[in-house]
Amino acid sequence: AFAVAGLGSGLTEAVVVNPFEVVKVTLQTNQNAFTEQPSSFVQAQQIIKTGGLGFQGLNKGLTATLGRHGVFNMVYFGFYFNVKNILPVNKDPNLEFLRKFGIGLVSGTIASIINIPFDVAKSRIQGPQPVPGEIKYRTCFKTMATVYKEEGFLALYKGLLPKIMRLGPG
């Protein structure tokens with residue numbers, strides 16, 4: 001039940017945050033950041049003008065974002081609450097904090113390991129394409145397959161350590 005609830009919350013979160021992710025990634029990958037720095041609102045308008053609201057515009061990479069958030073929350077909440085209910089509660093508040101922190105750290109680490117291929121796909125789809133004017137990374141699973149085929153299995157885990165350092169303790 002916790003895993004299904006986590007999946008539902010993750011999918012909902014992904015639908016809400018994906019347009020903001022598209023704007024963020026577009027701003028981050030702007031090569032002219034020092035000469036022209038558009039505001040987030042102006043950047044969003046430009047994305048809508050050139051690509052619309054759909055999968056080529058403000059919702060580019062939605063399936064990868066759904067996978068990223070859905071899988072993470074499903075694994076995290078499913079693991080955390082089930083393990084938390086199995087391990088005995090400690091009466092000492094400091095030890096109880098450490099118990100919950102440890103379970104959360106392990107949950108966040110496992111969830112990050114499982115969902116990072118979706119994160120890599122999302123970044124490739126929403127970021128600049130290798131050849132300007134040519135879309136190489138289009139869909140979530142095709143992007144994962146391309147990365148695996150061209151760069152190897154470990155390329156699907158690029159950025160795992162910083163992700164664990166950010167999400168594990170969280």
As a quick check of understanding, evaluate side chain to side chain contact (heavy atoms under 4.5 Å, CB included) for Gln56 and Thr50, giving each step before the final call. CA-CA 9 Å; Gln56 298 304 314; Thr50 58; over 6 Å; no
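- Shown here for Asn73 and Ser9, the closest heavy-atom pair between the two residues is ND2-OG, 3.6 Å.
- Residue pairs meeting the ring-ring contact (aromatic ring centres under 6.0 Å, His included) criterion with at least one member in residues 42-75, sequence neighbours excluded: Phe72-Tyr76.
- With hydrogens and angles ignored, the 3.5 Å screen pairs no side-chain donor or acceptor of Asn115 with any backbone N or O of Val71.
- Listed here is the closest heavy atom pair of Phe77 and Gly6: CD1-CA, 3.9 Å.
- For the residue pair Val15 and Leu62, the shortest heavy atom distance occurs at CA-CD1, 4.2 Å.
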Verdict with supporting geometry, Leu87 and Ile103, side chain to side chain contact (heavy atoms under 4.5 Å, CB included): CA-CA 9 Å; Leu87 295 178; Ile103 296 168; 3.8 Å; yes
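- The hydrophobic cluster containing Leu58 does not contain Val17, counting ILVMFWY residues as joined when their side-chain heavy atoms lie under 4.5 angstrom apart, directly or transitively.
- Here the OH-CD1 distance, from Tyr157 to Ile113, works out to 8.0 Å after rounding to the nearest 0.5 Å.
- Connection of Phe141 to Val120 is established within a shared hydrophobic cluster, with ILVMFWY side chains joined at heavy-atom distances below 4.5 Å, either directly or through further cluster members.
- Note that OG1 of Thr29 is 11.0 Å distant from NZ of Lys24, once rounded to the nearest 0.5 Å.
- For the pair Val22/Asn59, no side-chain contact is recorded, criterion being any heavy-atom separation below 4.5 Å from C-beta on.
- Note that OG of Ser107 and NZ of Lys84 are 11.0 Å apart. Values are rounded to the nearest 0.5 Å.
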Check step by step if side chain to side chain contact (heavy atoms under 4.5 Å, CB included) holds for Met144 and Leu156. CA-CA 7 Å; Met144 285 186 213; Leu156 291 169; 4.2 Å; yes
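- Every residue meeting the side chain to side chain donor-acceptor pair (under 3.5 Å) condition with Glu151, not counting sequence neighbours, appears here in chain and number order: Arg124, Lys158.
- Residue pairs meeting the salt bridge (charged side-chain N to carboxylate O under 4.0 Å, His left out) criterion with at least one member in residues 111-120, sequence neighbours excluded, are Arg68-Asp119, Asp119-Lys163.
- Val147 and Leu154 fall within the same hydrophobic cluster, defined by Ile, Leu, Val, Met, Phe, Trp and Tyr side-chain heavy atoms under 4.5 Å apart, directly or through other members.
- Here the CD atom belonging to Gln46 is positioned 11.5 Å from the OG atom belonging to Ser39, to the nearest 0.5 angstrom.
- The salt bridge (charged side-chain N to carboxylate O under 4.0 Å, His left out) pairs that include a residue from residues 43-59 number zero, where partners must be two or more places apart or lie in different chains.
- What you find for Asn94 and Asp92 is that their closest heavy atoms are N-OD1, 3.0 Å.
- Side chain of Asn18 to backbone of Ala14: no donor-acceptor contact under 3.5 angstrom is found.
- Annotation: salt bridge (charged side-chain N to carboxylate O under 4.0 Å, His left out) contacts involving residues 132-142, sequence neighbours excluded, comprise Lys136-Glu150.
- By the 30° and 60° cut-offs, the orientation of the rings of Phe2 relative to Phe81 is parallel.
- To the nearest 0.5 Å, atoms CD1 (Ile116) and CG (Leu160) are separated by 4.5 Å.
- Considering OG1 of Thr63 and CD1 of Ile125, their distance stands at 5.5 Å, rounded to 0.5 Å.
- By the side chain to side chain donor-acceptor pair (under 3.5 Å) test, Lys122 pairs with Glu21, Gln126, sequence neighbours left out.
- Tyr80 and Val106 fall within a single hydrophobic cluster, where Ile, Leu, Val, Met, Phe, Trp and Tyr are joined by side-chain heavy atoms under 4.5 Å apart, directly or via other members.
- The hydrophobic cluster containing Val42 does not contain Val23, counting ILVMFWY residues as joined when their side-chain heavy atoms lie under 4.5 angstrom apart, directly or transitively.
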Check the pair Asn90 / Leu98 against side chain to side chain contact (heavy atoms under 4.5 Å, CB included), numbers first and verdict last. CA-CA 10 Å; Asn90 201 308; Leu98 289 175; over 6 Å; no
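- The minimum heavy-atom distance linking Ala64 with Cys140 is given by the pair CA-SG, 3.7 Å.
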